[in-house]
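Residue numbers count from 1 along this sequence. Keep in mind the model is a prediction, meaning the values are calculated, not measured.
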Amino acid sequence: MTQYQTSSRRNLVGPVTLAAGTLFVVVPLLVEFVSGDAFLLMGVAAILFLASMPGLRRLQGGADGAPGRWGVQLTLIGLGAAIALILSGDLIDAAVDGAAQDVAETVFLIVAAVAAVATLVGIVLFAVGMSRAGVLPAPAIWIVLGGMVLAIVSESFEQSLRGPVPLLADFLPPAGFIIAGIGMLMIGSAALRLQRHTEPMS
């Protein structure tokens, strides 16, 4: 790969991270106040977040080590599976019925649980790696981590709760995504500033 190609790919890291952060902040508000159908845009936000991760690793020059590498891989697996479930859920539900639907729902829940755990562990490792590298601002990294942990954990438990507690649980996942989005906006801005200072003059 040429230096120009590498530089071009790095140029996309900041904008892609900023775009992911913007969607993580805006989409929960759209779902809450405009239309529940806007939730599909969370899949786009997740894809952009996944797309930003390898670039963020390159920006750190490998200083995030094994935690960063495993963090990217596990998050790719977890979020990739979650995106696939979001996109295929209605199709699977329409394609099967009766006993087959019960089996499909059980498999769906198992895959969703594995995806959530993989994503959670991956994001924790990725945050640890980025913090160890010291290239991007630590507060932004931990804001993303805290927001994603809040969103994933509360979303996982939301469906099993009854009584007044779900009222709070309904609020926690979007709040977590918004917090994570704010952290992503901070990381994207830092990545842009870093690139401006490190890219060679033409």
hydrophobic_cluster_shared for V153 and L125, side chain cutoff 4.5 Å:
no
Applying side-chain hydrogen bond (donor to acceptor under 3.5 Å, both in side chains), can you list everything that pairs with W142, at least two apart in sequence or on another chain?
S131
If I take atom CE from residue M186 and atom OG1 from residue T17, how far apart are they, to the nearest 0.5 angstrom?
13.5 Å
Same apolar cluster (I L V M F W Y, side chains within < 4.5 Å links), F126/L74
no
Starting from I77, can I reach M53 by hopping between I/L/V/M/F/W/Y residues whose side chains sit under 4.5 Å apart?
no
Can you give me the closest heavy-atom contact between A140 and I187, atom names plus distance?
CB-CG1, 3.6 Å
Distance (rounded to the nearest 0.5 Å) between S189 OG and L194 CG:
12.5 Å
Heavy atoms, side chains only, cut-off 4.5 Å: are V72 and L56 in contact?
no
Output for pair (R132 CZ, Q60 CD), nearest 0.5 Å, gives 10.5 Å
So that I can tick it off, tell me whether D64 and R57 are bridged by a salt bridge, with the cut-off set at under 4.0 angstrom between side-chain N and carboxylate O.
yes
Ignoring hydrogens, what is the shortest heavy-atom contact between V13 and A191? Give both atom names and the distance.
CG1-CB, 4.4 Å
Stepwise side chain to side chain contact (heavy atoms under 4.5 Å, CB included) test for L150 and I179
CA-CA 9 Å; L150 175 62; I179 292 169; 4.3 Å; yes
Do you know which two heavy atoms are closest between A45 and F24, and how far apart they sit?
O-CE1, 3.6 Å
Report yes or no: do L192 and V25 belong to one cluster of Ile/Leu/Val/Met/Phe/Trp/Tyr joined by side chain heavy-atom distances under 4.5 Å?
yes
Hey, does W70 have a side-chain heavy atom less than 4.5 Å from the side chain of V121?
no
Can you name the closest pair of heavy atoms from M42 and P28 and give their distance?
SD-CD, 4.3 Å
Nearest non-hydrogen partners of L50 and T75, listed with the distance
CD2-O, 3.6 Å
Which distance, rounded to the nearest 0.5 Å, do you find between the CG of L136 and the CE of M130?
6.5 Å
Specify the closest pair of heavy atoms between T119 and L79, including all atoms of both residues, with the distance to one decimal.
OG1-N, 3.1 Å
Determine the sole option in V44, L18, I47 for which the side-chain contact (heavy atoms from CB on, under 4.5 Å) test with L23 is passed.
V44
Applying a strict under-4.5 Å side-chain criterion to I, L, V, M, F, W and Y, I'd like to know whether I178 and L185 cluster together.
yes
